[in-house]
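Values below: every heavy atom of this structure, side chains too, minus hydrogens, waters and symmetry copies. Every chain is numbered from 1, with letters handed out A, B, ... down the list of sequences.
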Amino acid sequence: MPELPEVETVRRGLEPVFAGAVFEHVEQRRPDLRFPLPDNFAARLTGRRIETLARRAKYLLARLDGGEVLAMHLGMSGRFTVERAGEDARKPGAFVHAAGGSQAHDHLVFTMSSGAIVRYNDARRFGFMTLVAEEEMASHKLFRDLGPEPLGNEMTPDYIAGVCRDKKTSLKAVLLDQHIVAGLGNIYVCEALHRAALSPRRLAGTLAGRSGKANARAERLVPAIRAVLDEAIEAGGSSLRDYHAVDGSLGYFQHSFAVYGRSGLICPRPACGGGVKRIVQSGRSTFFCPRCQR
DNA sequence: AAGAACTCCTGTTGGC
DNA sequence: TGCCAACAGGAGTTCT
């Protein structure tokens, strides 16, 4: 489900009820998500205060007062929903979870000292949570090899060119690789490549010049990625099937898609006039305009 | 050893 | 209408 803009939107929604709050009660309804939950998970969370709620790549990181970090990944279908204790979930506007209360696939229910009930729901169970000692975060296998944040200063055209150099795979595959850039997923890679007018099939190595420095293609890819992510965050992410913000509200960046899910439609680039095509790359749908993306 | 294919799981959708 | 294959915002593991 969620790529960087959706995870960031969830983070912003959870922060007011998580940061500074204590887990008063933790209900764990199954032993595992994608992986087994930590031993004594509920007991280890109960009574802990969340100091900060951060995001790294597609992970939410809740730093706890005991020196541990609760790391949460939403996988494809994971979502958080916040309910105020005692609040009528049927109030106007609360349409997504109009029934309120427990839903199928609510695997974890956190009762917070802030008065919020936070439910983690994940039908496909590709999400996971784990507890990591704070001093082990940097060396932890989940985090040590993550690439730079695409909205940070490290992702420069020269960085992209450097990691693409000599790569025999497609540009699409490189951008989906979390070890190269952390946080992009299928939607925003498709959209960024369209903005940069680069073909997803292009050999990654062609973004590096003779010296290994960025060429004009790498120079326009970087701002395209940043712009797409910034706009998507601004829009509260993209809501297709599973995703919504923690209050049930939907993102609206899906209305701004140039290519994703739009096969057969006309390319929106002014004066292009090409048709959007769907192809499959490494088992996943790619949407692009073969006319203007080269 | 890089890169592609397969895998986990459930729900929804589109074509016959 | 119903049935069934294909597909879905991810990514670790296993193959070639």
Side-chain angles (χ1 to χ4, degrees), chain A residues 1-11 29-37 55-60 71-80 96 103-107 120-130 140-147 150 163-193 200-205 225 228-229 231-233 235-245 250-257 259-264 278-287:
Chain A
M1 143 181 106
E3 305 182 33
L4 188 156
E6 290 75 33
V7 178
E8 179 59 25
T9 301
V10 170
R11 190 198 69 77
R29 296 183 174 171
R30 52 176 303 132
D32 60 327
L33 297 171
R34 177 172 183 182
F35 307 117
L37 289 160
R55 179 192 57 74
R56 169 74 173 111
K58 300 173 191 172
Y59 291 89
L60 290 168
M72 299 168 276
H73 193 293
L74 304 177
M76 289 281 260
S77 59
R79 41 171 153 176
F80 282 99
V96 171
Q103 305 275 321
H105 309 297
D106 279 352
H107 305 309
Y120 178 72
N121 183 288
D122 190 350
R124 295 177 72 181
R125 258 181 287 126
F126 288 171
F128 52 94
M129 295 188 192
T130 190
H140 194 280
K141 63 177 178 179
L142 289 176
F143 305 107
R144 70 178 170 219
D145 297 324
L146 283 178
V163 292
C164 283
R165 189 182 190 178
D166 301 329
K167 281 226 179 289
K168 296 288 182 262
T169 191
S170 68
L171 193 45
K172 168 100 185 290
V174 163
L175 294 178
L176 281 176
D177 186 341
Q178 303 297 296
H179 305 303
I180 291 178
V181 178
L184 294 175
N186 207 30
I187 290 179
Y188 298 108
V189 168
C190 290
E191 292 297 312
L193 286 172
R201 297 192 279 209
R202 168 175 285 282
L203 218 58
I225 292 170
V228 166
L229 295 177
E231 289 170 31
I233 291 171
S238 304
S239 292
L240 297 184
R241 280 161 286 272
D242 298 327
Y243 170 75
H244 64 69
L250 301 179
Y252 53 89
F253 191 73
Q254 65 279 9
H255 303 304
S256 301
F257 289 166
V259 289
Y260 188 84
R262 296 176 60 82
S263 52
R278 173 184 179 274
I279 60 172
V280 174
Q281 291 179 289
S282 46
R284 317 210 39 207
S285 290
T286 297
F287 299 92

To the nearest Å, how far apart are [X] [atom1] and [N] [atom2]?
| X | N | atom1 | atom2 | value |
| --- | --- | --- | --- | --- |
| A/Ile180 | C/dA11 | CD1 | C1' | 14 Å |
| A/Leu33 | C/dG10 | CG | P | 18 Å |
| A/His179 | B/dA2 | NE2 | P | 11 Å |
| A/Asp177 | C/dG12 | CG | P | 10 Å |
| A/Asp32 | C/dG12 | CG | P | 17 Å |
| A/Leu142 | C/dG10 | CG | P | 16 Å |
| A/Phe35 | C/dA11 | CZ | P | 11 Å |
| A/Leu176 | C/dA8 | CG | P | 13 Å |

message: Of the options C/dG10, C/dC7, C/dG12, whose atoms approach the side-chain atoms of A/Arg284 most closely?
response: C/dG10

Can you name the residues that form a salt bridge (Lys or Arg N to Asp or Glu O under 4.0 Å) with [X], not counting sequence neighbours?
| X | value |
| --- | --- |
| A/Arg11 | A/Glu8, A/Glu15 |
| A/Arg125 | none |
| A/Arg284 | none |
| A/Arg241 | none |

field: Inter-nucleotide P distance (C/dT14, B/dC9), Å rounded
entry: 15 Å

message: Distance check, P atoms only: B/dG11 and C/dG12, in whole angstrom units.
response: 24 Å

Side-chain donor/acceptor pairs under 3.5 Å, residues 163-170 of chain A, sequence neighbours excluded:
{"unit_1": "A/Ser170", "atom_1": "OG", "unit_2": "A/Ala173", "atom_2": "N", "d": "3.1"}

- prompt: In terms of the nearest nucleotide of DNA chain C, which residue is placed more toward the 5' end: A/Arg241 or A/Phe128?
  reply: A/Arg241

- prompt: Please, which pairs that meet side chain to side chain donor-acceptor pair (under 3.5 Å) have at least one residue in residues 176-187 of chain A, sequence neighbours excluded?
  reply: A/Lys172-A/Asn186

field: Residues which pass side chain to side chain donor-acceptor pair (under 3.5 Å) with A/Ser285, listed by chain and number, not counting sequence neighbours
entry: A/Arg278

Qualifying residues under side chain to side chain donor-acceptor pair (under 3.5 Å), relative to A/Tyr59, sequence neighbours excluded: none

Can you find a side chain N or O atom of [X] that sits less than 4.0 Å from OP1 or OP2 on [N]?
| X | N | result |
| --- | --- | --- |
| A/Ser285 | C/dA8 | yes |
| A/Lys58 | C/dA11 | yes |
| A/His73 | C/dA11 | yes |

message: So, using ring-ring contact (aromatic ring centres under 6.0 Å, His included) as the criterion, who are the partners of A/Tyr252 when residues are at least two apart?
response: none

message: Just to be sure I understand the rule, does A/Ser238 reach a base, reach only the sugar-phosphate, or reach nothing, if contact means heavy atoms closer than 4.0 Å?
response: base

field: Nucleic acid footprint by protein, nucleotides 3-10 of chain B - heavy-atom cut-off 4.0 Å, B for base, S for sugar-phosphate alone
entry: SS---BBB

Nucleotide pairing, DNA chain B (Watson-Crick or G-U, distances under 3.5 Å), in dot-bracket with [ ] and |: .|||||||.|||||||

query: Any donor and acceptor pair, going by atom type alone, linking the side chain of A/Asn121 with main-chain N or O of A/Ala104 inside 3.5 Å?
result: yes

Quick test: give all pairs of protein nitrogen or oxygen and nucleotides 14-16 of chain C nitrogen or oxygen below 3.5 Å, distance rounded to 0.1 Å.
none

- request: Pick out which of A/Glu6, A/Arg79, A/Met76 makes a side chain to side chain contact (heavy atoms under 4.5 Å, CB included) with A/Tyr243.
  value: A/Glu6

- request: Give the intermediate values and the outcome of side-chain contact (heavy atoms from CB on, under 4.5 Å) for residues A/Phe257 and A/Cys190.
  value: CA-CA 9 Å; A/Phe257 289 166; A/Cys190 290; over 6 Å; no

